[in-house]
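Below is one structure, written out as structure tokens; the observations come after it.
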Amino acid sequence: MTALIDRILGPRVAPDERARQTLRYGTPGFLLLTARILLLVSLFLPYWHMELQAPQYPDGLHMTAHLNALTGDVAEIDGLNHYIGMRSLYEAAELERTVGVFIMIAFVIMLEFAAYIHTRWSALLVAPVVLFPVVFLVDLHLWMRHFGLNLDPAAPLSNAVKPFVPTALGKGGIGQFVTIATPGAGLILAMIASLVLVAALYFHRRAYLPLVRQQRAKAETAVN
Amino acid sequence: MTHPASRMIVAGAIAVLASTTAGQTMRDVETVAKERGLTNADLVAAAKTYLPSGQKDEYLMFASGGHAGQIFVVGLPSMRLLRSIAVFTPEPWQGWGYGVGNSILEEGFPSGKSNLWGDTHHPALSETDGDYDGQFVFINDKINARVAVIDLRDWETKQIVKNPLTLSDHGGTFVTPNTEYIIEGGQYAVPWGSEYAPISEYKEQYKGSVTLWKFDRNRGRIDRDRSFAIELPPYWQDLSDAGKLASDGFFFMNSLNTELATGGIQDKKPPFEAGASMNATDFLHIIDWKKAERVFKAGQVEQIEDFPVITLKTALAEGLLHVTPEPRSPHGVDVAPKGDFIVVSGKLDPHVTIYSMQKIKNAIANKTFSGTDEYGVPILDFDSVVESRIEVGLGPLHTQFGPDGYAYTSLYLDSAVARWTLGGSYGSGTPEPDWTLVHKTPVHYNVGHIAAAEGDTVSPDGKYLVALNKWSVDRFYPTGPLLPQNLQLIDISEQGTAAPVIYDMAMGVGEPHYAQIVKADKLQPWTTYPQVGWDPHVQNINPMAPKPKMERVQRNDDGSVDIFMTAIRSHFNPEHVYLKQGDVVRWHITNTERAVDATHGFAVPVYNITASLEPGEAVTIEFVADTPGTFPFYCSEFCSALHLEMMGYLMVEPN
Ligand SMILES: [Cu+2]
């Protein structure tokens with residue numbers, strides 16, 4: 001068991017060696033820490049905005065998604081959506097909004113572990129975090145698609161508005177409304193964190209792969 | 001318009017006009033002006049008053065509605081009528097008095113009799129340190145001596161108090177500098193409580209009075225229990241004004257019919273119009289309200305009509321009341337911004353008469369009396385208290401003030417507004433000598449009150465003055481024999497003889513008397529009610545207000561029925577309401593909208609119900625379902641594309 005853990009954790013670096021090559025061993029850890037901070041900060045920032053523009057709303061209608069909440073003129077947008085038979089937006093991604101924060105905290109802990117693991121197993125912990133922004137957007141798109149395509153056929157405007165797929169990012173339109181969906185600062189931070197993590201993996205590999213190979217060669221020699 | 005400076009103004013104004021639409025030039029403006037026969041002065045006036053779509057007025061004028069019984073709010077300089085506020089008179093658009101607001105209207109019923117109109121004269125915006133604070137507006141009802149309180153967060157009437165002592169008021173409403181009291185002076189003398197007494201007993205039985213209504217700002221209500229009145233001689237008390245700064249603690253009140261005429265033209269006696277204007281002078285009442293408040297708090301009052309009254313005897317013993325001669329048939333009594341001068345104009349005397357507060361105080365202290373009136377009221381010697389008299393023209397009526405030492409007086413008979421200079425510490429503000437007539441601006445026609453921007457406060461703004469003209473004669477297209485009033489906007493921003501009329505506003509819905517003009521940004525009105533389920537009557541959430549998903553028709557043990565209904569674009573819920581003939585019904589409705597302007601109406605035929613449900617508002621309408629039948633109720637406000645579908649059926653099953 002200990003052997004298995006040791007194999008997953010990979011080779012350790014002696015403190016004097018680490019001190020001699022600060023850049024080599026410090027960079028991956030620093031980048032992982034940066035990503036953790038970015039993700040933690042992103043928790044407090046909006047992930048996604050949608051603005052709806054129409055003549056009778058001179059200031060527009062605004063909706064903002066945090067990882068755990070949907071805020072803004074949601075009630076008003078719901079009120080309008082009922083004309084086309086769309087379900088209340090509060091019913092969308094309820095699970096995601098409930099667990100979003102915990103997942104993000106889990107990510108941060110995973111990155112913490114990833115910094116201690118000096119083998120390729122580290123990549124396994126980092127990969128889901130790297131993919132997170134994409135997963136967020138795909139999930140958003142699927143929900144919007146689901147809502148847009150499943151309109152209540154008995155709604156007042158069902159004759160006028162056919163099922164449609166609202167735009168998850170960029171400019172769209174429905175009725176007299178122009179919709180503009182943009183990523184929020186939180187999502188942008190998460191995207192930056194993904195890039196930072198890719199870089200972290202690269203430097204991680206450069207720092208520890210030689211050690212892993214060395215260790216492996218040493219083990220083979222010992223067996224022989 | 002040949003003066004080079006004027007030309008520059010025109011050019012500037014035209015540039016402003018032209019820049020609003022791309023591609024248009026001054027030539028286009030000239031073409032239009034030529035086609036329409038507009039002079040340069042007209043174009044300047046247009047440029048000073050025109051507001052492009054979306055731009056907002058700088059000032060709001062709260063004008064009384066006369067016998068329309070309402071308040072009208074007009075934006076300046078555009079002179080657009082922005083809103084009426086229903087007060088004493090039911091008004092269906094605002095849903096006032098057709099199921100909602102009825103209890104407030106009923107508070108004011110004189111002798112319990114339904115009176116569904118009012119004669120509003122003098123609005124008073126609430127003040128802090130003698131300046132408008134934009135929180136409340138009060139208004140009197142001359143016909144039945146009532147005072148109403150309007151909350152300027154939602155522009156709705158919150159309270160109507162009926163004066164228990166008298167039946168007419170004209171000396172209200174005016175507020176003391178921190179809105180401690182709302183002054184309501186009576187007018188036509190009647191016996192206390194308006195009880196029966198033949199007019200032959202006028203001197204003994206008929207009473208004059210002034211009431212000081214205590215205002216509780218936190219509750220937004222008049223506190224009847226802390227209010228009191230002062231008995232006055234049965235003259236017809238008229239307009240009032242509260243002192244401020246130098247005259248803080250006093251208020252002033254005109255009177256007419258100090259002759260105590262009782263008319264009787266049918267018996268070949270002199271009619272009131274002659275009898276009541278026989279004397280060369282009437283009496284300016286000078287009342288020390290801070291002293292009166294102490295007398296009231298000390299309990300030196302008599303309960304009359306269940307209301308505390310400081311009797312004339314007590315008032316005289318305590319030195320609360322003095323009078324001094326004033327030009328006969330007076331209208332305005334107006335306190336200058338620093339409180340040091342009091343300007344009175346009598347319609348039958350071409351002068352304005354200016355009294356000095358310092359001289360009044362000295363005369364009171366030194367008892368410089370020229371005698372007492374028939375009721376023993378000490379008369380301050382006229383010459384000892386007058387500061388100046390200025391001949392301004394015929395029919396002077398009401399005075400307002402500018403920021404720079406100018407005063408403005410309406411001239412009813414001359415159909416003009418006079419600009420004249422104050423003296424004393426104001427003298428340096430104007431290039432002209434002190435206490436002189438500077439200019440007269442003709443107005444059209446028969447001007448009553450005037451209102452200058454914040455022109456009755458401690459810090460007048462100048463800029464604009466509105467002449468509230470009684471007759472419009474030829475100014476507008478004839479609208480049948482009943483013609484609109486003409487509210488004329490005068491630009492008073494320049495000194496000297498420049499004070500042109502720059503806009504005529506037809507007021508075809510009532511006859512404003514006095515108005516007050518407040519800087520618009522002093523008001524902070526709500527654009528929706530703060531929370532869904534808001535009861536405007538208490539300005540708080542009503543926990544009983546219907547909520548979404550809890551809509552129902554609830555039949556109670558006592559046989560009454562509560563209907564809990566919500567309204568949102570574009571449906572009511574429930575849409576089917578079954579009642580039984582004779583049911584006592586409380587119909588609660590919440591407008592659950594949060595969008596600005598998403599107002600719904602609620603209108604029920606036969607039952608004479610119409611309500612205006614503004615976003616967030618919750619109302620309760622009570623009635624007895626006495627008429628069986630099938631009644632389609634609907635949303636009377638065009639709220640959405642499916643507005644026609646926003647309806648339901650009330651079905652009252654016959655017994
Ligand atoms: Cu409606």
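Naming convention: chains lettered A, B, ... in sequence-line order (proteins, then strands); numbering from 1 in each chain. Just so we're clear, the structure is a prediction, and the values are computed from it rather than from any experiment.
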Measuring heavy-atom distances to chain A, does B:Leu642 have an atom under 4.5 Å in its side chain, in its backbone, in both, or in neither? side chain
Please check if the number of heavy atoms outside B:Met651 that lie under 6.0 Å from its CE is greater than 12. yes
Given that the side chain runs from C-beta out, which part of A:Leu61 has a heavy atom under 4.5 Å from chain B: side chain, backbone, both or neither? neither
Applying side-chain contact (heavy atoms from CB on, under 4.5 Å), can you list everything that pairs with A:Leu195, at least two apart in sequence or on another chain? none
Got a sec, which residues hit side-chain contact (heavy atoms from CB on, under 4.5 Å) with B:Val553, two or more places apart in sequence or on another chain? B:Val561, B:Ile563, B:Pro574, B:Val577
Distance-only donor-acceptor pairs under 3.5 Å across chain A and chain B:
from: A:Tyr57; atom 1: OH; to: B:Arg569; atom 2: NH1; distance (Å): 3.1
from: A:Glu76; atom 1: OE1; to: B:Arg569; atom 2: NH2; distance (Å): 2.9
from: A:Glu76; atom 1: OE2; to: B:Arg569; atom 2: NH1; distance (Å): 3.0
from: A:Glu76; atom 1: OE2; to: B:Arg569; atom 2: NH2; distance (Å): 2.6
from: A:Tyr83; atom 1: OH; to: B:Ser570; atom 2: N; distance (Å): 3.4
from: A:Tyr83; atom 1: OH; to: B:Ser570; atom 2: OG; distance (Å): 2.3

Residues 93-116 of chain A vs side chain to side chain donor-acceptor pair (under 3.5 Å), sequence neighbours excluded, gives A:Arg36-A:Glu112, A:Glu96-A:Trp143
Has A:Arg120 got more than 12 heavy atoms of other residues, nucleotides or ligands less than 6.0 Å from its CZ? no
I'd like to know whether CZ of A:Phe30 has more than 12 heavy-atom contacts from other residues, nucleotides or ligands below 6.0 angstrom. no
For B:Met544, I'd like to know if atom CE has over 12 heavy atoms of other residues, nucleotides or ligands within 6.0 Å. no
